[in-house]
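Quick caveat, the model's predicted, so the values are computed rather than measured. Order of appearance sets the numbers: ligands from 1, and atoms from 1 within every ligand.
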Amino acid sequence: MRKNLLKGVAAAAGISIGIAYLYEKQIEVVENEFITDVDEALKSFDTALKKSQKELKKIFKLAVDKMGEKRAGIFEAQMMILEDPVLIDIIKNRIKSEKRTPAFVVDEEISKYQEVLALSKATYMQERKHDIEDIKNRIIRNLKKKKWKSRIDKDVIVVSNNITPADTVLFSRENVKGYVTNFGGLTSHAAIVARSLHIPAVLGIHDATAKIKNGDILVVDGLHGEVIVSPTDEQLKYYQDKHNRLKEYDTELAKLVDKPAETLDGRKIILRANLDIVEELEYIIKNGAEGTGLVRTEQIFNLEDEFPDEEQQYKTYIDLAEKLYPHIVIIRVFDIGGDKVFPVDVKEPNPFLGWRGIRFLLDNEPLFKTQVRALLRASAHKNIKFMLPMVSSLHEVRRAKEIVECCKEELRIEGKDFDNNINIGIMIEVPSVAVMAEEFAEEVDFISIGTNDLIQYLLAVDRGNEIVSSLYKEFHPAVIRTLNKIIKLSKLGKARASMCGEMAGDILATPLLLGMGLDSMSVSAAAIPHIKKIIRSINYEEAKNLAEECLKFKTEREVRERLLEFFKQNFSDELENFV
Ligand code: PEP
Ligand code: MG
């Protein structure tokens, strides 16, 4: 490993080269002191609270401008804590009864919030702890009437122990070129903000602030999660060239937006996008997707508290259908369970083998019916299709179809419009369905291969477990042979096969998938131009030969090496920059 290389979490892609600015957050120290004038203390608490609310409102406004309403919601959540009447009452009562300084009480009370979050097993909740730290410090600083030092030099790469979402937004005004931190993960709000603002970020390096000095030249490679400290001339040149190439490549890709995803010998591929948050829609349209191939409904709604009602769901689905018209919008019904949100309190020893997806929906019929009714009503323009997750037996498909018919009948009686021929598909994520793909294809209108789960179930490797992550292999011969079978069997069963798992967005896999006969894919909005470029640069006939060769290999290594060789011959730029 190169000596001046630091490895961390690849939190926001892109390369940037710049000067390190070590940012140290001032942490206010609070002493356990007593007061004599209660009224004065309450007044100063009110003033500090108002000032903090005002500051946060300003940050929220800036965030809305820079990254849209939904993502700026992080700050709205912080404002809600500042306005929480229960919390404010508790603090005021303690100031009155205990006669302690407001700073001390604020510190103790808000720390309690943080402790609850810290106990949570979910990484996401644990990371919210840092957001709350920001609020606590903000009020205490305002109680001490101190100015916030969030000024930094312009055009620098910020290196810090941790970084709050508020800092991330505020610093972006100074044209920050990158973020490097000791702590923080992929799902931290700072990472989400950095990605939305397109600022390369490598987080969670642990000793970044010990190894980097103010003024050091840094290279941040946000795609690979690497930071080079004081690069050699050779390294600097390498990354400068790479940076320039990526820029040129982006300009090239932008020219493909209106071009079809078609191979050199004229095979047309449907290229759609996966949608996890509604705000992605704009990006999906901008990148030229032919609609969506997977809308994760369990993600677009906040299911932590309750399920959205029919009206709320209808509004969201019809909006997608109208904005993407005449393109097709494939929506997946709630895939709850496994590692996903679970608003119902259930503890399972093996959640991935438990009450997931369609199993949960069939056991909660009113909930399923609400979603189906909303989807049917939104299908009036005839561009909505929907699909069922985690199917493992034909019985589930048949039962789901009966429920859909029942919903149609209800809507007919109510005189509500819908697409009577709405297409229903299934995800193939479970090996039992892969084996019987022909019979399933006969039963439904389309199928979509969910490689994220299919690989984990086929290879018995938990997709989220770091310890076994090296065994999770998309080019394992058993995986690619299974995919090949699914594609062929679906054709026999007369249903079109598509793929919406992450494998569809991996450019290294594209020639192989095309060669196996896949003619429809759904990938992240960002991957669309990349995949389109590969599709438009290969011959279907050549891809078929490549697939035939790969399907004979007995080890993952042979498959991967053959694909790398293919890339070396045909896509050396992509190989160097994106694989
Ligand atoms: C999949 O399993 O490949 C898939 C697309 O579903 P999710 O990642 O939402 O489980
Ligand atoms: Mg899945």
| Shortest-distance N/O/S atom, D453 versus the Mg ion (ligand 2) | OD2

| field | Shortest-distance N/O/S atom, E429 versus the Mg ion (ligand 2) | value | OE2

| K369 side chain to C407 main-chain N or O, any donor-acceptor pair under 3.5 Å? |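 Looks like no, no N/O pair under 3.5 Å.
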
| said: Please check: side-chain N/O of N350 versus main-chain N/O of L353, any donor-acceptor pairing under 3.5 Å? | reply: no

| Aromatic plane relationship, F301 with F334 - under 30° parallel, 30 to 60° tilted, over 60° perpendicular |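 F334 vs F301 ring planes: perpendicular.
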
| field | Whether M427 lies under 4.0 Å from ligand 1, heavy atom | value |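 So M427 counts as touching ligand 1.
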
| said: Is any side-chain heavy atom of I318 closer than 4.5 Å to one of H381? | reply: yes

| task | Would you indicate whether the side-chain heavy atoms of C550 and F475 approach each other to under 4.5 Å? | result | no

What atoms of ligand 1 come within less than 4.0 Å of a heavy atom belonging to [X]?
| X | answer |
| --- | --- |
| C500 | 5 (C) |
| G450 | 1 (C), 2 (O), 3 (O) |
| L294 | 5 (C) |
| D453 | 1 (C), 2 (O), 3 (O), 10 (O) |

| Should the proximity of N274 to ligand 1, defined as any heavy atom under 4.0 Å, be assigned to the side chain, the backbone, both, or neither? |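 Neither; nothing of N274 gets under 4.0 Å from ligand 1.
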
| Structural part of R332 in contact with ligand 1, heavy atom criterion under 4.0 angstrom | side chain

| field | No-hydrogen, no-angle side-chain donor-acceptor test under 3.5 Å, E542 and N545 | value | no

| field | Polar contact flag for R296 and ligand 1 (N/O pairs, less than 3.5 Å) | value |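 Between R296 and ligand 1 (N or O atoms, distance only) the closest approach is under 3.5 Å.
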
| said: Regarding R356 and D335, does a basic nitrogen lie under 4.0 Å from an acidic carboxylate oxygen? | reply: yes

